[in-house]
Amino acid sequence: MEQTSPAAPLLALTAGLARGDDAAWAQFHRNYGPAIFRQLLGATRGDHDLASEALQQTYLRIAKHARPCDSEGMFMGWVRVVARTALSDCRRRRLTFWQLLNRRRAECSEADSAGDDGEQRLQTALDAALVSLDPGERALLEAKYFSGFDVRTIAETLGISPKAVESRLTRARAELRRRLLTLLAGHE
Amino acid sequence: MNRKPERDAKLLAELFHDNWSAGPAADYARAAAAIARRRRQLRRTLAAGASAAAVAALWMAVSSPRQAIPTQLPAAPQPVTRGYEIISDEELLGQLRDRPVLVVRKPNGTREITLLDAAAANALE
């Protein structure tokens, strides 16, 4: 969420969001979406279904209320608040009244630190899940996501086809997801 | 290894949504864009409708014939034009003093009294 494309200033991007411009929304999804999803995933402690639902709601609210803005800090703060309130509403819809009361009671003790705490927990779990992966799979994911190599470059380095790299990446992601969810469930 | 937060975010995003930029998650962005367009169109339509209504109302107000507003002026006091005058006894005696008077008896039994000047009295005699 901290990055924006330098080619398109924030003012133009936010004006495009307000207009409903497909290109602006694709850029917003590409540049800001992962960080919003990460925030939501941390806040939901790995409940990716709920995080995805909240992400969708966040986008819809941004579509309704977006205005041209040239302050990155202000825009990011607003987006984070929108994501948090969207998640709260999604939770409220999912829970029955009594479940909500129990949840509120449980949340009282950790109310303020919940967001940052959740993100920290997610980060720790992701690190642990990556470390526990097979070294080949971990190297592949690190090359793709942390070193920023594209699939074609990785394929040339490994001497295999891009399609094979895609297949390996898909398997590695599935394994990492499984381990991450196990770790997050263990933290509950 | 470079572990910027946004790269972790990209990895997490693609762990749960295989192709972030073109997969199901991108549909959320497309749906949001469609909603933003619809809302913008609706706002424009409403604004145009309101402007048109305001112009129409203004036009009707300007072009409709003005009706004269009936004004109720206070009626001017009309002079009393009675065929007789009521006077007091003193006034009557003052007028009769040293004046000839003609008394005419009418067929219905009433009498009409007329003050005469001196010339008229002489002519009658």
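All chains are named by letter (A, B, ...) in the order of the sequence lines, taking the proteins before the strands, and each is independently numbered beginning at 1. Not measured: the values here are computed from a predicted model.
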Novice: Just so I understand: if I count every heavy-atom pair under 4.5 Å between each of A:D49, A:L60, A:D22, A:L169 and chain B, which residue has the most?
Specialist: A:D22
Novice: Please report the closest heavy-atom contact between A:R38 and A:L122, naming both atoms and the distance.
Specialist: O-CD2, 3.5 Å
Novice: Using a heavy-atom distance cut-off of less than 4.5 Å, which residues of residues 12-19 of chain B contact chain A?
Specialist: B:L12, B:A13, B:E14, B:L15, B:F16, B:H17, B:D18
Novice: Nearest heavy-atom pair of A:W78 and A:I62: which atoms, and what distance?
Specialist: CH2-CA, 3.9 Å
Novice: I need the minimum non-hydrogen distance between A:A66 and A:A18, along with the two atoms involved.
Specialist: O-CB, 3.4 Å
Novice: I'd like to know if A:E175 pairs up with A:R179 as an ion pair, taking the criterion as any Lys NZ or Arg NE/NH1/NH2 lying under 4.0 Å from an Asp or Glu carboxylate oxygen.
Specialist: yes
Novice: Under 4.5 Å heavy-atom distance to chain B, tell me which part of A:L141 shows up: side chain, backbone, both or neither.
Specialist: side chain
Novice: List in chain and number order the residues that pass salt bridge (charged side-chain N to carboxylate O under 4.0 Å, His left out) with B:D27, two or more places apart in sequence or in another chain; answer none if no residue qualifies.
Specialist: B:R30
Novice: For A:R168, look at atom CZ and say whether over 12 heavy atoms of other residues, nucleotides or ligands are found less than 6.0 Å away.
Specialist: no
Novice: Which bit of B:A22 comes within less than 4.5 Å of chain A, counting heavy atoms only: side chain, backbone, both or neither?
Specialist: neither
Novice: Output, in order, the C-alpha distance, side-chain angles, deciding distance and verdict of ring-ring contact (aromatic ring centres under 6.0 Å, His included) for A:Y32 and A:F75.
Specialist: CA-CA 11 Å; A:Y32 291 82; A:F75 181 63; 5.6 Å; yes
